[in-house]
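What follows is a single structure, written as C-alpha cells, with notes after it.
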Amino acid sequence: LSLDSLTAKAIAGTGIIFCKAGLPGVGGTYDKFAKEWRELGQRSEDLRYINSKQPFSSSPLVGHNGNDNENTNQSQFSKGADYFQALPHHIVTFSYDAIIALGLSACEAVGPMRN
C-alpha cells in the first residue's frame, strides 16, 4: 500500500475501539474486580442487598418453580449466586460510566442550592 494511494489517504487517522472492561492477567485492577465479582455471589448478605435494590415489575413474576401464579417477593431483575460466576458483560463498562455521570450530575445540581 503506497502512502500516496487513495486508500491510504482515506484510512489515515482511523482506528478501532474495542469495548472491553479490562484484560485478565495483565495486573491492575481488573483481576481484583473479577475476583470480587465472583465472590459476591457467595456472600449471601451482599447478594440480598444487591437484589433489594432491583426494581420490581408491575407484571406478574415467575416464581421459583416456574409457576406464573406463585407469589414471590423477588424482582424480575434479581440475580442468584451463579450470575456472578461469569465475568460481567462489556455493557457494564457503559453502565459504570452512566452511573458515575448521574451521581456527579446530581452533586453538581445540588451544589448551587446549598449556598
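A quick note: this is a predicted structure, and the numbers were derived from the prediction, not measured.
- Nearest heavy atoms, Trp37 versus Tyr83: CZ2-CE2, 3.7 Å.
- Residues Arg43 and Arg48 fail the side-chain proximity criterion, which asks for heavy atoms closer than 4.5 Å.
- Leu47 and Ala81 make their closest contact through CD2-N, 3.8 Å (heavy atoms, listed as atom of the first residue, atom of the second, distance).
- Judged purely by atom type and a 3.5 angstrom limit, Asn51 uses its side chain to pair as donor or acceptor with the backbone of Lys79.
- Heavy-atom minimum distance, Gln85 versus Gln42: NE2-NE2, 3.1 Å.
- The heavy-atom pair separating Ser2 from Ala8 by the smallest distance is O-CB, 3.2 Å.
- Nearest heavy atoms, Asp4 versus Lys9: O-CE, 3.4 Å.
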